[in-house]
Amino acid sequence: MYPRQFEYVAPSTLEEALAAVGEGSKVMAGGMSLIPLMKTRLFSPPVVVDIGRIPGLDAISDEGDYISLPALVRHATTASDPLIATHASALATAASLTGDVQVRNRGTSCGSLAHSDVAADQPAAVIALGGTMIARSTAGKREIRASEFCVDALTSALEPDEILVEIRFPKTGPGEASAYDKLGRRGGHSDYAVAGAAAWVKKSNGTVEDARVGLTGVGTRPSLALGVGQALIGTDGSDEAVKAAAERALDDVTVLEDLYGSVEYKTHLAKVFVARALRQALASV
Amino acid sequence: MSREKATKIAAHLLEASAEDIVFADGAVHVAGSEEKSVDWSAIAKTAYQAHTLPEDVESGLEAQAVFSPGRAPWPFGTHLAMVEVDPDTGDVKLLEYKRVWAAMQEARA
(Lines give C-alpha, C1' and ligand atoms only; values in the text may rest on other atoms or scores of the structure.)
Protein backbone atom coordinates (compact mmCIF):
# COMPACT_ATOMS: atom_id res chain seq x y z
CA MET A 1 0.00 0.00 0.00
CA TYR A 2 1.65 3.16 -1.21
CA PRO A 3 0.02 6.57 -1.54
CA ARG A 4 -0.12 8.37 -4.86
CA GLN A 5 2.66 10.88 -5.26
CA PHE A 6 2.07 14.08 -3.33
CA GLU A 7 3.88 17.24 -2.40
CA TYR A 8 4.92 17.50 1.26
CA VAL A 9 5.14 20.87 2.97
CA ALA A 10 6.32 21.25 6.58
CA PRO A 11 5.97 24.88 7.62
CA SER A 12 7.51 26.07 10.87
CA THR A 13 4.97 28.77 11.67
CA LEU A 14 1.18 28.91 11.60
CA GLU A 15 1.32 31.83 9.14
CA GLU A 16 3.36 29.77 6.68
CA ALA A 17 0.94 26.88 7.13
CA LEU A 18 -2.07 29.09 6.46
CA ALA A 19 -0.40 30.37 3.31
CA ALA A 20 0.25 26.80 2.16
CA VAL A 21 -3.26 25.34 2.60
CA GLY A 22 -5.96 25.68 -0.01
CA GLU A 23 -7.92 23.77 -2.64
CA GLY A 24 -6.38 20.31 -3.08
CA SER A 25 -4.25 20.40 0.05
CA LYS A 26 -4.80 18.49 3.27
CA VAL A 27 -3.59 19.41 6.73
CA MET A 28 -1.75 16.72 8.67
CA ALA A 29 -1.03 16.80 12.41
CA GLY A 30 -0.37 13.27 13.73
CA GLY A 31 -1.32 11.58 10.45
CA MET A 32 -3.04 8.69 12.22
CA SER A 33 -6.18 8.97 10.08
CA LEU A 34 -4.89 10.76 6.98
CA ILE A 35 -1.97 8.43 6.22
CA PRO A 36 -4.08 5.22 6.19
CA LEU A 37 -6.61 6.95 3.89
CA MET A 38 -3.81 7.97 1.55
CA LYS A 39 -2.14 4.57 1.61
CA THR A 40 -5.41 2.82 0.76
CA ARG A 41 -5.91 5.55 -1.86
CA LEU A 42 -9.37 6.39 -0.61
CA PHE A 43 -8.01 9.89 -0.56
CA SER A 44 -5.13 11.33 -2.59
CA PRO A 45 -4.45 14.98 -1.83
CA PRO A 46 -1.84 16.53 -4.17
CA VAL A 47 -0.38 18.51 -1.25
CA VAL A 48 0.03 17.55 2.43
CA VAL A 49 0.71 20.40 4.83
CA ASP A 50 2.33 18.93 7.94
CA ILE A 51 1.64 21.30 10.85
CA GLY A 52 3.39 18.96 13.29
CA ARG A 53 6.55 21.08 13.53
CA ILE A 54 4.84 24.35 14.45
CA PRO A 55 5.81 25.21 18.03
CA GLY A 56 3.41 26.39 20.72
CA LEU A 57 0.31 24.42 19.71
CA ASP A 58 0.61 21.48 22.08
CA ALA A 59 -0.39 22.77 25.52
CA ILE A 60 -3.87 22.76 27.06
CA SER A 61 -4.49 25.96 29.02
CA ASP A 62 -6.99 27.71 31.27
CA GLU A 63 -7.90 30.97 29.55
CA GLY A 64 -10.12 32.27 32.32
CA ASP A 65 -13.46 32.02 30.52
CA TYR A 66 -12.69 28.78 28.75
CA ILE A 67 -10.30 25.86 28.40
CA SER A 68 -8.15 25.93 25.27
CA LEU A 69 -7.06 22.76 23.47
CA PRO A 70 -4.81 23.70 20.52
CA ALA A 71 -4.12 21.83 17.29
CA LEU A 72 -1.17 19.65 18.32
CA VAL A 73 -2.44 18.26 21.62
CA ARG A 74 -2.10 14.45 21.38
CA HIS A 75 -4.89 12.08 22.43
CA ALA A 76 -2.67 10.84 25.29
CA THR A 77 -2.34 14.38 26.65
CA THR A 78 -6.08 15.03 26.34
CA ALA A 79 -6.74 11.78 28.18
CA SER A 80 -4.49 12.63 31.13
CA ASP A 81 -4.57 16.43 31.42
CA PRO A 82 -5.97 17.67 34.77
CA LEU A 83 -7.80 20.64 33.17
CA ILE A 84 -9.60 18.31 30.74
CA ALA A 85 -10.37 15.90 33.59
CA THR A 86 -12.00 18.75 35.53
CA HIS A 87 -13.75 20.65 32.76
CA ALA A 88 -14.29 18.10 30.00
CA SER A 89 -14.27 14.68 31.60
CA ALA A 90 -16.28 13.09 28.76
CA LEU A 91 -13.48 14.12 26.40
CA ALA A 92 -10.79 12.72 28.71
CA THR A 93 -12.59 9.37 28.63
CA ALA A 94 -13.18 9.52 24.86
CA ALA A 95 -9.48 10.32 24.27
CA SER A 96 -8.40 7.45 26.52
CA LEU A 97 -10.54 5.08 24.40
CA THR A 98 -9.26 6.40 21.06
CA GLY A 99 -7.12 4.02 18.98
CA ASP A 100 -4.25 2.25 20.69
CA VAL A 101 -1.17 3.47 22.57
CA GLN A 102 0.76 4.40 19.43
CA VAL A 103 -2.21 6.26 17.95
CA ARG A 104 -2.82 8.11 21.23
CA ASN A 105 0.82 9.16 21.42
CA ARG A 106 0.83 10.53 17.90
CA GLY A 107 -2.71 11.46 16.81
CA THR A 108 -4.27 14.74 17.91
CA SER A 109 -7.69 15.62 19.31
CA CYS A 110 -8.13 18.47 16.82
CA GLY A 111 -7.11 16.07 14.05
CA SER A 112 -9.79 13.60 15.11
CA LEU A 113 -12.40 16.36 14.95
CA ALA A 114 -11.21 17.63 11.56
CA HIS A 115 -11.26 14.04 10.25
CA SER A 116 -14.97 13.82 11.25
CA ASP A 117 -15.22 10.04 11.26
CA VAL A 118 -18.70 8.91 12.23
CA ALA A 119 -17.28 6.25 14.53
CA ALA A 120 -14.64 8.40 16.27
CA ASP A 121 -14.88 8.92 20.03
CA GLN A 122 -13.92 12.51 20.61
CA PRO A 123 -16.33 14.44 18.33
CA ALA A 124 -19.33 13.16 20.34
CA ALA A 125 -17.70 14.38 23.56
CA VAL A 126 -16.85 17.79 22.12
CA ILE A 127 -20.46 18.13 20.89
CA ALA A 128 -21.91 17.19 24.30
CA LEU A 129 -19.53 19.58 26.06
CA GLY A 130 -20.69 22.48 23.87
CA GLY A 131 -17.22 23.06 22.45
CA THR A 132 -16.34 25.79 19.99
CA MET A 133 -14.04 25.11 17.09
CA ILE A 134 -11.63 27.88 16.11
CA ALA A 135 -10.79 27.82 12.40
CA ARG A 136 -8.05 30.04 11.01
CA SER A 137 -7.31 31.13 7.45
CA THR A 138 -5.26 33.94 5.95
CA ALA A 139 -8.52 35.90 5.95
CA GLY A 140 -8.91 35.64 9.74
CA LYS A 141 -10.58 33.57 12.41
CA ARG A 142 -13.96 31.84 12.47
CA GLU A 143 -15.84 30.14 15.31
CA ILE A 144 -17.88 27.02 14.58
CA ARG A 145 -20.12 25.29 17.09
CA ALA A 146 -19.11 21.68 17.65
CA SER A 147 -22.65 20.48 16.83
CA GLU A 148 -22.31 22.07 13.38
CA PHE A 149 -18.71 21.06 12.76
CA CYS A 150 -19.10 17.49 11.51
CA VAL A 151 -21.28 17.86 8.43
CA ASP A 152 -21.08 14.51 6.62
CA ALA A 153 -19.02 11.32 6.30
CA LEU A 154 -15.36 12.34 6.75
CA THR A 155 -16.37 15.92 6.05
CA SER A 156 -16.03 18.81 8.48
CA ALA A 157 -17.25 22.39 8.16
CA LEU A 158 -13.68 23.55 7.49
CA GLU A 159 -13.07 25.35 4.20
CA PRO A 160 -10.08 24.15 2.13
CA ASP A 161 -8.04 27.17 3.20
CA GLU A 162 -8.83 26.77 6.91
CA ILE A 163 -6.95 25.01 9.71
CA LEU A 164 -8.60 23.92 12.94
CA VAL A 165 -6.23 25.62 15.36
CA GLU A 166 -8.04 25.18 18.66
CA ILE A 167 -11.06 23.75 20.47
CA ARG A 168 -12.52 25.75 23.34
CA PHE A 169 -14.61 24.35 26.16
CA PRO A 170 -16.74 26.20 28.67
CA LYS A 171 -15.45 25.59 32.19
CA THR A 172 -17.41 23.26 34.42
CA GLY A 173 -19.75 25.19 36.70
CA PRO A 174 -21.57 23.99 39.83
CA GLY A 175 -23.89 21.06 39.22
CA GLU A 176 -22.32 20.24 35.85
CA ALA A 177 -20.74 16.95 34.78
CA SER A 178 -20.11 14.85 31.67
CA ALA A 179 -19.42 11.25 30.65
CA TYR A 180 -18.74 9.10 27.58
CA ASP A 181 -19.29 5.40 26.92
CA LYS A 182 -19.32 3.14 23.87
CA LEU A 183 -19.18 -0.39 22.53
CA GLY A 184 -16.03 -0.94 20.47
CA ARG A 185 -15.85 -2.94 17.25
CA ARG A 186 -13.84 -5.72 18.88
CA GLY A 187 -15.93 -5.70 22.05
CA GLY A 188 -15.59 -3.71 25.26
CA HIS A 189 -13.94 -0.36 24.67
CA SER A 190 -11.67 -1.52 21.84
CA ASP A 191 -11.33 0.16 18.46
CA TYR A 192 -13.80 2.54 16.79
CA ALA A 193 -17.31 2.79 18.23
CA VAL A 194 -20.07 0.53 16.94
CA ALA A 195 -22.20 3.04 18.82
CA GLY A 196 -21.48 5.40 21.68
CA ALA A 197 -22.66 8.54 23.40
CA ALA A 198 -21.34 11.46 25.39
CA ALA A 199 -23.56 13.33 27.83
CA TRP A 200 -23.25 16.65 29.59
CA VAL A 201 -25.73 17.64 32.28
CA LYS A 202 -26.38 20.60 34.54
CA LYS A 203 -28.43 19.98 37.64
CA SER A 204 -29.57 22.32 40.38
CA ASN A 205 -31.99 21.84 43.26
CA GLY A 206 -32.73 18.31 42.13
CA THR A 207 -33.77 19.35 38.63
CA VAL A 208 -31.97 18.89 35.33
CA GLU A 209 -31.52 22.45 34.09
CA ASP A 210 -29.68 21.68 30.91
CA ALA A 211 -28.44 18.60 29.05
CA ARG A 212 -26.65 17.83 25.80
CA VAL A 213 -25.91 14.47 24.20
CA GLY A 214 -23.49 13.69 21.37
CA LEU A 215 -23.80 10.46 19.39
CA THR A 216 -21.17 8.45 17.58
CA GLY A 217 -21.18 5.36 15.36
CA VAL A 218 -24.64 5.90 13.88
CA GLY A 219 -25.62 7.74 10.69
CA THR A 220 -22.97 9.50 8.62
CA ARG A 221 -21.44 11.81 11.24
CA PRO A 222 -21.10 12.41 14.96
CA SER A 223 -24.15 14.47 15.90
CA LEU A 224 -26.10 16.26 18.60
CA ALA A 225 -29.15 14.37 19.89
CA LEU A 226 -31.26 17.42 20.50
CA GLY A 227 -34.40 15.53 21.50
CA VAL A 228 -32.69 13.76 24.39
CA GLY A 229 -31.68 17.03 26.02
CA GLN A 230 -35.15 18.49 25.52
CA ALA A 231 -36.77 15.43 27.07
CA LEU A 232 -34.50 15.46 30.11
CA ILE A 233 -34.57 19.18 30.94
CA GLY A 234 -36.99 19.89 33.75
CA THR A 235 -37.02 16.31 35.04
CA ASP A 236 -35.41 15.05 38.24
CA GLY A 237 -32.89 13.01 36.25
CA SER A 238 -34.23 9.74 37.65
CA ASP A 239 -33.67 6.41 35.95
CA GLU A 240 -37.14 6.60 34.40
CA ALA A 241 -36.52 10.12 33.10
CA VAL A 242 -33.17 9.02 31.62
CA LYS A 243 -34.76 5.99 29.98
CA ALA A 244 -37.55 8.08 28.46
CA ALA A 245 -35.08 10.69 27.20
CA ALA A 246 -32.81 8.02 25.69
CA GLU A 247 -35.73 6.83 23.57
CA ARG A 248 -35.37 10.05 21.62
CA ALA A 249 -31.69 9.44 20.82
CA LEU A 250 -32.29 8.91 17.11
CA ASP A 251 -34.91 11.61 16.49
CA ASP A 252 -32.59 13.46 14.14
CA VAL A 253 -30.45 10.61 12.78
CA THR A 254 -30.95 8.14 9.98
CA VAL A 255 -29.17 5.08 11.35
CA LEU A 256 -27.07 3.29 8.75
CA GLU A 257 -26.04 -0.33 8.68
CA ASP A 258 -22.32 -1.08 8.46
CA LEU A 259 -19.95 -4.03 8.84
CA TYR A 260 -20.32 -3.87 12.62
CA GLY A 261 -24.05 -3.74 13.13
CA SER A 262 -27.53 -3.71 11.61
CA VAL A 263 -29.78 -0.68 11.79
CA GLU A 264 -31.79 -2.39 14.51
CA TYR A 265 -28.74 -3.26 16.63
CA LYS A 266 -27.17 0.17 16.28
CA THR A 267 -30.44 1.90 17.12
CA HIS A 268 -30.72 -0.21 20.24
CA LEU A 269 -27.06 0.37 21.21
CA ALA A 270 -27.31 4.13 20.74
CA LYS A 271 -30.20 4.26 23.22
CA VAL A 272 -28.34 2.03 25.69
CA PHE A 273 -25.24 4.22 25.60
CA VAL A 274 -27.17 7.49 25.75
CA ALA A 275 -28.78 6.20 28.94
CA ARG A 276 -25.44 4.97 30.34
CA ALA A 277 -23.62 8.23 29.60
CA LEU A 278 -26.48 10.25 31.10
CA ARG A 279 -26.62 8.10 34.24
CA GLN A 280 -22.88 8.35 34.71
CA ALA A 281 -22.87 12.12 34.23
CA LEU A 282 -25.82 12.57 36.60
CA ALA A 283 -24.12 10.37 39.19
CA SER A 284 -20.99 12.53 39.16
CA VAL A 285 -22.76 15.90 39.40
CA MET B 1 11.37 -41.97 3.14
CA SER B 2 14.06 -41.21 5.67
CA ARG B 3 15.75 -44.58 5.07
CA GLU B 4 15.93 -43.86 1.37
CA LYS B 5 17.39 -40.44 2.02
CA ALA B 6 19.80 -41.75 4.65
CA THR B 7 20.97 -44.34 2.11
CA LYS B 8 21.76 -41.59 -0.40
CA ILE B 9 23.64 -39.58 2.21
CA ALA B 10 25.58 -42.61 3.46
CA ALA B 11 26.47 -43.58 -0.11
CA HIS B 12 27.71 -40.05 -0.63
CA LEU B 13 29.78 -40.09 2.58
CA LEU B 14 31.23 -43.53 1.85
CA GLU B 15 31.75 -42.80 -1.83
CA ALA B 16 29.83 -45.94 -2.68
CA SER B 17 26.82 -46.83 -4.77
CA ALA B 18 23.42 -46.64 -2.98
CA GLU B 19 22.71 -50.30 -3.88
CA ASP B 20 25.75 -51.37 -1.83
CA ILE B 21 24.68 -49.62 1.40
CA VAL B 22 23.85 -51.97 4.28
CA PHE B 23 22.13 -50.91 7.56
CA ALA B 24 23.41 -53.00 10.49
CA ASP B 25 24.00 -52.61 14.24
CA GLY B 26 23.08 -48.92 14.42
CA ALA B 27 25.48 -48.00 11.64
CA VAL B 28 25.85 -48.13 7.89
CA HIS B 29 28.53 -49.88 5.90
CA VAL B 30 29.36 -50.83 2.37
CA ALA B 31 28.41 -54.40 1.44
CA GLY B 32 31.44 -56.64 1.61
CA SER B 33 33.70 -54.15 3.38
CA GLU B 34 32.44 -53.52 6.93
CA GLU B 35 35.38 -51.29 7.76
CA LYS B 36 33.93 -48.66 5.40
CA SER B 37 31.13 -47.41 7.70
CA VAL B 38 29.48 -44.29 9.16
CA ASP B 39 27.16 -44.05 12.15
CA TRP B 40 23.71 -42.41 12.24
CA SER B 41 24.92 -39.25 13.94
CA ALA B 42 27.26 -38.54 11.00
CA ILE B 43 24.39 -39.08 8.56
CA ALA B 44 22.07 -36.84 10.57
CA LYS B 45 24.70 -34.10 10.86
CA THR B 46 25.42 -34.22 7.14
CA ALA B 47 21.68 -34.09 6.37
CA TYR B 48 21.50 -30.59 7.86
CA GLN B 49 24.64 -29.24 6.19
CA ALA B 50 23.18 -28.45 2.80
CA HIS B 51 26.50 -27.47 1.25
CA THR B 52 27.98 -30.93 1.89
CA LEU B 53 25.05 -32.80 0.32
CA PRO B 54 24.87 -34.08 -3.25
CA GLU B 55 22.95 -31.76 -5.59
CA ASP B 56 19.87 -33.97 -5.84
CA VAL B 57 19.45 -34.32 -2.06
CA GLU B 58 17.56 -31.67 -0.11
CA SER B 59 18.73 -30.91 3.40
CA GLY B 60 16.88 -32.36 6.40
CA LEU B 61 16.16 -35.87 7.60
CA GLU B 62 12.66 -36.25 9.00
CA ALA B 63 9.94 -38.80 9.37
CA GLN B 64 6.41 -38.56 10.64
CA ALA B 65 4.11 -41.32 11.80
CA VAL B 66 0.65 -41.40 13.24
CA PHE B 67 -0.03 -43.63 16.19
CA SER B 68 -3.47 -45.19 16.25
CA PRO B 69 -4.33 -47.02 19.45
CA GLY B 70 -6.55 -50.07 19.35
CA ARG B 71 -8.98 -48.62 21.88
CA ALA B 72 -10.20 -45.03 22.25
CA PRO B 73 -8.01 -43.24 24.84
CA TRP B 74 -9.10 -40.84 27.59
CA PRO B 75 -8.58 -37.19 26.65
CA PHE B 76 -5.35 -35.53 27.75
CA GLY B 77 -7.00 -32.29 28.74
CA THR B 78 -9.72 -29.77 28.15
CA HIS B 79 -10.28 -26.02 27.79
CA LEU B 80 -12.76 -24.07 29.94
CA ALA B 81 -13.95 -20.49 29.37
CA MET B 82 -16.00 -18.30 31.69
CA VAL B 83 -17.51 -15.24 30.02
CA GLU B 84 -19.82 -12.43 31.02
CA VAL B 85 -22.43 -11.32 28.48
CA ASP B 86 -23.87 -7.83 28.73
CA PRO B 87 -27.56 -8.44 27.92
CA ASP B 88 -28.06 -4.78 26.90
CA THR B 89 -25.30 -4.67 24.32
CA GLY B 90 -24.41 -8.27 23.51
CA ASP B 91 -20.81 -7.51 24.49
CA VAL B 92 -18.88 -10.58 25.64
CA LYS B 93 -16.13 -10.23 28.24
CA LEU B 94 -13.75 -13.11 28.87
CA LEU B 95 -13.40 -13.47 32.64
CA GLU B 96 -11.35 -16.63 32.92
CA TYR B 97 -9.78 -19.16 30.59
CA LYS B 98 -8.24 -22.38 31.79
CA ARG B 99 -6.51 -25.33 30.24
CA VAL B 100 -6.68 -28.50 32.21
CA TRP B 101 -4.13 -31.20 31.43
CA ALA B 102 -4.42 -34.73 32.80
CA ALA B 103 -1.76 -37.37 32.32
CA MET B 104 -3.22 -40.53 30.87
CA GLN B 105 -2.16 -43.63 32.70
CA GLU B 106 -1.18 -45.68 29.69
CA ALA B 107 -0.05 -42.82 27.51
CA ARG B 108 3.28 -43.41 25.82
CA ALA B 109 3.15 -40.34 23.64
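What you are looking at is a predicted structure, and each value in this text was computed from that prediction instead of being measured.
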Give the minimum heavy-atom separation between V228(A) and A245(A), together with the two atoms involved. CG2-O, 3.5 Å

Identify the two heavy atoms, one from A44(B) and one from L61(B), that lie closest to each other, and give their separation to 0.1 Å. CA-CD2, 4.3 Å

Taking ring pair (Phe, Tyr, Trp, His ring centres under 6.0 Å) as the test, write out the residues that go with H51(B), two or more places apart. none

Rounded to the nearest 0.5 angstrom, the CG-CD1 distance for L13(B) and I43(B) is 7.0 Å

Approximate separation, where rounding is to 0.5 Å, of T7(B) OG1 and L14(B) CG: 11.0 Å

Looking only at N and O atoms, which donor-acceptor pairs between chain B and chain A are within less than 3.5 angstrom?
from   : atom 1 : to      : atom 2 : distance (Å)
D86(B) : OD1    : R276(A) : NH2    : 3.2
D86(B) : OD2    : R276(A) : NH1    : 3.2
D86(B) : OD2    : R276(A) : NH2    : 2.8
D88(B) : O      : H268(A) : NE2    : 2.6
T89(B) : O      : Y265(A) : OH     : 2.6
D91(B) : OD1    : G188(A) : N      : 3.0
D91(B) : OD2    : G188(A) : N      : 3.0

Donor-acceptor under 3.5 Å (K8(B) side chain, D56(B) main chain): no

